[in-house]
Colleague: 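I am attaching a structure below and will ask some questions about it afterwards.
We're numbering straight along the sequence, starting at 1. No hydrogens, no waters, no symmetry mates; every other heavy atom, side chains included, goes into these values.
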Amino acid sequence: MKRTIIALFVLAAMFVLSQAVQAQSYFTYDGKDFSVLLTCNTDNSQVIKVEFSENGKWVGFDILDYTSLENVEGGGFAYTVKDGAGKKFLVDYYRTQDYIKVVNLDTNDEWTLNRR
């Protein structure tokens, strides 16, 4: 009986630990030209990775800056990111409407992407 209880406890602990490791959240936003994948930490309080789709593959962008917009009507956040060629983009999330705007900071081109 004691072995069974210990074995169940070990299994339960392994399950809890595996869930904690896999608890990151992924949010995909699609537009006509490309998609953006945001990977958040375990409590969804911070974006830890930004990826853009390119030719059917996800390409990681470096996160340069973060701005909280929770004190603005509608809430959200904005991340400045840079691609491998040095181009900078603003990824602006609108919490109440659940979409993002991506702005090329060099050309001011703008895209609206909706959550998948």
Colleague: Measuring from Q46:CD to L38:CG, what's the distance to the nearest 0.5 Å?
Modeller: 12.5 Å
Colleague: Decide yes or no for V102 and L113: does some side-chain heavy atom of the first lie under 4.5 Å from some side-chain heavy atom of the second?
Modeller: yes
Colleague: Applying salt bridge (Lys or Arg N to Asp or Glu O under 4.0 Å) as the test, list every pair that has at least one member in residues 71-90; sequence neighbours left out.
Modeller: none
Colleague: Rounded at 0.5 Å granularity, tell me how far CD1 in I100 sits from CG in N114.
Modeller: 9.5 Å
Colleague: Does the side chain to side chain contact (heavy atoms under 4.5 Å, CB included) test come out yes or no for E51 and T39, once each step is laid out?
Modeller: CA-CA 8 Å; E51 298 172 90; T39 303; 4.3 Å; yes
Colleague: Between Y29 and D98, do the side chains contain a donor N or O and an acceptor N or O under 3.5 Å apart?
Modeller: yes
Colleague: Would you please name every residue forming a ring pair (Phe, Tyr, Trp, His ring centres under 6.0 Å) with Y93, sequence neighbours left out?
Modeller: F77
Colleague: Between D30 and R116, does any NZ, NE, NH1 or NH2 come within less than 4.0 Å of an OD or OE carboxylate oxygen?
Modeller: yes
Colleague: How many angstroms lie between atom OG of S25 and atom CG of N41, to the nearest 0.5 angstrom?
Modeller: 8.5 Å
Colleague: Determine whether a donor-acceptor pair (N or O, by modelled atom type, separation under 3.5 Å) exists between the side chain of E70 and the backbone of G76.
Modeller: yes
Colleague: Is any side-chain heavy atom of V91 less than 4.5 Å from a side-chain heavy atom of F52?
Modeller: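 Yes - at least one pair of side-chain heavy atoms lies under 4.5 Å apart.
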Colleague: Within the distance-only criterion (no hydrogens, no angle test), does the side chain of D65 pair as donor or acceptor with the backbone N or O of T80 below 3.5 angstrom?
Modeller: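 Not a single qualifying donor-acceptor pair exists.
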Colleague: Before you tell me yes or no, could you show the steps for T112 and Y99 under side chain to side chain contact (heavy atoms under 4.5 Å, CB included), namely the whole-Å CA-CA distance, both residues' side-chain angles and the distance that decides it to 0.1 Å?
Modeller: CA-CA 7 Å; T112 300; Y99 71 90; 3.6 Å; yes
Colleague: Do you know the tightest heavy-atom contact between I63 and K49?
Modeller: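 Of all heavy-atom pairs spanning I63 and K49, the closest is CD1-N, 4.0 Å.
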Colleague: For D92 and V103, what are the C-alpha separation, side-chain angles and deciding distance, and is it a side chain to side chain contact (heavy atoms under 4.5 Å, CB included)?
Modeller: CA-CA 8 Å; D92 192 0; V103 179; over 6 Å; no
Colleague: Do you reckon V59 sits in the same ILVMFWY cluster as V50, going by side-chain contacts under 4.5 Å, direct or chained?
Modeller: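 Cluster IDs for V59 and V50 match.
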Colleague: Does one hydrophobic cluster hold both Y66 and F27, with members joined at side-chain heavy-atom distances below 4.5 Å?
Modeller: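 They do share one cluster, since a chain of ILVMFWY contacts under 4.5 Å joins Y66 to F27.
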Colleague: When you compare the side chain of Y26 with that of C40, does any pair of heavy atoms fall below 4.5 Å?
Modeller: no
Colleague: For the pair W111 and F34, name the ring-plane relationship: parallel under 30°, tilted 30 to 60°, perpendicular over 60°.
Modeller: perpendicular
Colleague: With S68, which residues qualify under side-chain hydrogen bond (donor to acceptor under 3.5 Å, both in side chains), at least two apart?
Modeller: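 S68 satisfies side-chain hydrogen bond (donor to acceptor under 3.5 Å, both in side chains) with no other residue.
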Colleague: With clusters defined by side-chain heavy atoms of hydrophobic residues (ILVMFWY) lying less than 4.5 Å apart, directly or transitively, does V72 cluster with Y94?
Modeller: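 Y94 does not cluster with V72.
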Colleague: Are the side chain of Y79 and the backbone N or O of L90 linked by a donor-acceptor pair below 3.5 Å?
Modeller: no
